[in-house]
Amino acid sequence: MDHATALRLYEAMLLTRLTEERLVKLFRQGKTLGSVYRSLGQEATACATAAALGPEDVIAPLIRNLGSMLVRGVQPEEIFLQYLGRATSPTGGRDHNNHFGGISRGIIATSSMLGALIPVMAGVALSFKQRNERRVAMTWIGDGGSSTGAFYEGLNFAVVQKLPLIVVGEANGYAFSTPPDRQMAGHLSNRAQGAFTLTVDGNDAAAVYTAAAQARQRCLEGHGPVFLVCETFRLSGHAEHDDQRYVDPALLEAWRPKDPIPRFEAWMGQRHWTLEPGLADRLAADLAAAADRALAAPWPDPASLTDGVFQSGS
Ligand SMILES: Cc1ncc(C[n+]2csc(CCOP(=O)(O)OP(=O)(O)O)c2C)c(N)n1
């Protein structure tokens, strides 16, 4: 990774954290419609994997992968508008949080049905292969989501067809309140039979980036899908309405010092790569202004409720 890439990656992780912190404030003020889903402590897995892609590649993020969307240029204001349900949000107030995408941005919108995006992205990867395009498809899945049938169906198809698909597995300690040993046999790394599997320290952004770049190269060389497992930990509840009381406090204390953001800052420091002075303050000020603009945005017109929901015309 060169200095410029490292700076972009650092900024993306910090922006993810600060955007989510601003969302938590909006939630506590009772302004968001519904809860707020964070990636606290695991920002490196979404940001560093997405940062290793090219602009021609296509991603399908889950709720905890906001960072991957910011890497690809989604604006925090769009996220605020979504959480606030406003008319000018990407879904016009019809869907919530980061549930939006766009073909021109190379983002397939999240589906709440865990696992469902893996067959979808296998299909995207199939289209790249059929058209001889040098592009990869990437999506993410949690340890809980890897227990769905769709996870196996999608990966199996990608293995058999040798598709350029990267599935990032986030081993983050809990699926809602369920630890992996209560819902799966073995470790996440053993679940993608036939796919080349890499397991990395998911809180080491440089290692995640390197592994993702390697996975992409393998896909482009036609070797089939890669399952990239990132060992990390969810430092907040499933969402803001969940106080994580089921997590042993000692476990949280053990993971807090592994925070990927100061860790990556130290990694950059070892290379004498300096950060922009006052970066966090600049981002926080921009986010506060974006949140204020989103709060002032109009609500959807009730008369437009079914627009875009049903096909119009005959
Ligand atoms: C097929 C399916 N089953 C159940 C749910 C409800 N649900 C939403 S998030 C979640 C936990 C997901 O855990 P994991 O996949 O480990 O991801 P994490 O939340 O840890 O990032 C569950 C069970 C769902 N969205 N889809």
Side-chain angles (χ1 to χ4, degrees), residues 13 16-17 19-20 23-24 27 34-50 59-70 79 83 95-100 108-122 138-155 166-192 197 199-203 208 227-248 251-252 255 258-260:
M13 290 198 291
T16 305
R17 176 143 322 165
T19 300
E20 291 180 352
L23 284 169
V24 170
F27 169 79
S35 202
V36 169
Y37 301 80
R38 300 195 63 172
S39 57
L40 184 64
Q42 53 180 95
E43 293 89 346
T45 66
C47 293
T49 48
I59 65 168
L62 289 182
I63 193 91
R64 246 175 267 295
N65 309 124
L66 170 64
S68 67
M69 297 172 76
L70 299 178
I79 305 295
Y83 268 99
D95 208 338
H96 197 224
N97 45 53
N98 68 340
H99 285 204
F100 64 94
I108 303 288
T110 294
S111 158
S112 289
M113 266 42 76
L114 295 174
L117 285 170
I118 298 179
V120 168
M121 295 309 276
M138 176 181 276
T139 190
W140 291 259
I141 194 75
D143 36 274
S146 74
S147 291
T148 58
F151 171 88
Y152 292 97
E153 290 168 25
L155 263 168
I166 303 171
V167 176
V168 181
E170 295 183 291
N172 70 347
Y174 283 85
F176 227 123
S177 55
T178 307
D181 62 358
R182 299 283 298 277
Q183 64 91 9
M184 71 158 83
H187 188 266
L188 188 58
S189 302
N190 300 322
R191 296 205 122 175
T197 298
T199 304
V200 286
D201 176 346
N203 285 21
V208 174
F227 188 39
L228 171 51
V229 176
C230 296
E231 304 265 20
T232 182
F233 199 80
R234 200 192 68 198
L235 282 178
S236 53
H238 176 69
E240 284 308 296
H241 58 268
D242 166 13
D243 66 8
Q244 260 187 323
R245 73 183 63 173
Y246 47 83
V247 179
D248 180 352
L251 204 48
L252 287 169
W255 277 92
K258 301 181 193 169
D259 186 325

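Start at 1 with the first residue, then count along the sequence. Just so you know, ligand 1 is whichever comes first in the structure, and atom 1 is the first atom listed for that ligand.
Distances shorter than 4.0 angstrom occur between a heavy atom of His238 and an atom of ligand 1. The shell of residues lying under 4.0 angstrom from ligand 1, judged by heavy atoms, excludes Gly115.
Annotation: Ser112 places an N or O atom under 3.5 Å from an N or O atom of ligand 1; distance criterion only. For the pair Asp143 and ligand 1, the shortest N or O to N or O distance falls below 3.5 Å. Remark: ligand 1 and Gln42 share no N or O pair separated by less than 3.5 Å (distance only, no angle test). Checked against a 3.5 angstrom limit, the closest N/O atoms of Gly145 and ligand 1 fall inside it.
Atoms of ligand 1 found under 4.0 Å from any heavy atom of Gly144 (numbered from 1 in listed order, with element): 14 (P), 15 (O), 16 (O). Using a 4.0 Å cut-off to heavy atoms of Asn172, the atoms of ligand 1 that qualify are 18 (P), 20 (O), 21 (O). The contact set between ligand 1 and Arg64, taken as ligand atoms under 4.0 Å from a residue heavy atom, comprises 18 (P), 19 (O), 21 (O). Within ligand 1, the atoms closer than 4.0 Å to a non-hydrogen atom of Tyr174 are 16 (O), 20 (O), numbered from 1 in the order shown.
Checked by atom type and distance alone, the side chain of Glu43 never pairs as donor or acceptor with a backbone atom of Gly67 at under 3.5 Å. Side-chain atoms of Glu170 never come within 3.5 Å of backbone atoms of Ala46 as a donor-acceptor pair (strictly under, hydrogens ignored). One N or O on the side chain of Arg234 and one on the backbone of Phe176 form a donor-acceptor pair closer than 3.5 Å.
Between Phe151 and Phe227, the gap from one ring centroid to the other is short of 6.0 Å.
Of the listed residues (Asp201, Thr45, Asn203, Thr199), just one forms a side-chain contact (heavy atoms from CB on, under 4.5 Å) with Glu231, and that residue is Thr199. For the side-chain hydrogen bond (donor to acceptor under 3.5 Å, both in side chains) with Gln42, the lone residue among Asn172, Asp259, Thr16 that qualifies is Asn172.
The parts of Ala175 lying near ligand 1 are both backbone and side chain, judged by heavy-atom distances below 4.0 Å.
From the protein, the heavy atom lying nearest to atom 12 (C) of ligand 1 is Leu114 CD1, 3.6 Å.
Less than 4.0 angstrom separates atom 4 (C) of ligand 1 from none of the non-hydrogen atoms of the protein.
A donor and an acceptor atom, one from each side chain of Ser147 and Arg191, are located under 3.5 Å apart.
Here the closest non-hydrogen pair linking Phe233 and Tyr174 is CZ-CE1, 4.0 Å.
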